[in-house]
Student: 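Okay, here's the structure, questions in a sec.
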Amino acid sequence: MANVKPRVKVPKTASKGEIITLKTLISHEMESGQRKDKEGKPIPRQILHTFTCAFNGQDVFSCDMEPSISANPYLEFDAKVEESGTFVFTWLDDDGSTYTAESKVAVS
Amino acid sequence: MTVTRRQILAFGAATAAVTLVGIPVSKVLAAAPEMDAKIKEFTGGATPGEGKLTLTAPEIAENGNTVPISVSVDSPMTAEDHVVAVMVLAEGNPSPGVATFHFTPLSGKAEASTRIRLAKTQNVVAVARMSDGSVYMAASEVKVTIGGCGG
């Protein structure tokens with residue numbers, strides 16, 4: 001799907017053991033499979049079905065999404081950071097595509 | 001004593017507030033067999049308790065295409081005692097499943113927010129599963145002005 005653009009908001013710095021809030025937004029139609037086109041034919045489902053967030057290779061949070069998630073899915077969740085590192089965000093599309101975003105955080 | 005218009009309105013608002021708080025979970029379950037099956041699969045048959053889990057949803061959603069919801073579970077989130085997953089369901093949607101959030105001790109807090117579609121006025125239900133196998137449930141009614149599942 002064209003024009004899928006992930007956006008993430010992660011604090012650049014944090015103190016050791018701090019719980020930080022992460023926000024993600026990705027532009028995606030999230031076609032539910034319930035809608036019909038002008039000729040009355042159903043539009044096939046195409047959504048992002050899975051979201052994962054990992055920090056330095058360890059799973060932090062993930063979400064299974066179903067057609068009831070709004071277009072341009074927004075997710076807000078938390079993570080506890082003990083060391084500096086990189087968050088990797090991954091979205092999996094029904095059509096097999098994978099979208100990723102990365103964000104570094106420096107822990108002092 | 002004369003009853004003023006203002007007093008009547010205040011009384012009405014207070015009564016409305018009382019009736020809105022707390023929907024009995026058992027009543028919600030009986031209404032939607034498909035949702036009930038999904039909950040059983042998620043909980044592994046454990047009887048859900050109440051409390052600990054908070055589901056925040058608007059009382060009235062003007063646009064069912066994007067309804068902000070958030071879940072939060074009271075948990076220390078340590079390796080021994082944490083929230084494994086929270087499932088969100090909408091009983092009145094064509095398919096009741098909405099999302100399942102999976103947490104780990106690295107999450108720090110068992111809190112998540114997203115935006116969902118609601119086809120019509122209905123109950124939104126959240127079920128949380130803890131690392132010790134216990135289950136908690138919460139429900140909230142959302143009145144939807146314009147449904148959000150296409151047509």
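The structure displayed is predicted, hence computed values, not measured ones. By convention in this document, chain letters (A, B, ...) are assigned in the order of the sequence lines, proteins followed by strands, and residues within each chain are numbered from 1. FYI, side chains are in, hydrogens and waters are out, and symmetry mates aren't considered; it's all heavy atoms of this structure.
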Student: Suppose we call two aromatic rings close when their centres sit under 6.0 Å apart. Are A:Phe61 and B:Phe103 close by that rule?
Tutor: yes

Student: Which answer fits B:Val67, side chain, backbone, both or neither, if we ask what part of it has an atom under 4.5 Å from a heavy atom of chain A?
Tutor: backbone

Student: Quick test of your reading of the model: are A:Lys104 and A:Glu102 salt-bridged, counting only N-O distances below 4.0 Å?
Tutor: no

Student: Which answer fits A:Ile47, side chain, backbone, both or neither, if we ask what part of it has an atom under 4.5 Å from a heavy atom of chain B?
Tutor: neither

Student: Chain B heavy atoms under 4.5 Å from A:Pro73: which part of the residue, side chain, backbone, both or neither?
Tutor: neither

Student: Parallel, tilted or perpendicular: which fits the ring planes of A:Phe89 and A:Phe87, with parallel below 30° and perpendicular above 60°?
Tutor: parallel

Student: Taking everything shown except A:Glu82 itself, do over 12 heavy atoms lie less than 6.0 Å from its CD?
Tutor: yes

Student: Look at A:Ser62, A:Pro67, A:Pro42, A:Cys63 and state which one has the largest set of heavy-atom pairs under 4.5 Å with chain B.
Tutor: A:Ser62

Student: Could A:Glu66 and B:Lys38 be called an ion pair, given the rule that one side-chain N must be under 4.0 Å from one carboxylate O?
Tutor: yes

Student: Heavy-atom pairs under 4.5 Å with chain B - which of A:Ile19, A:Asp59, A:Ile69 has more of them than the others?
Tutor: A:Ile69

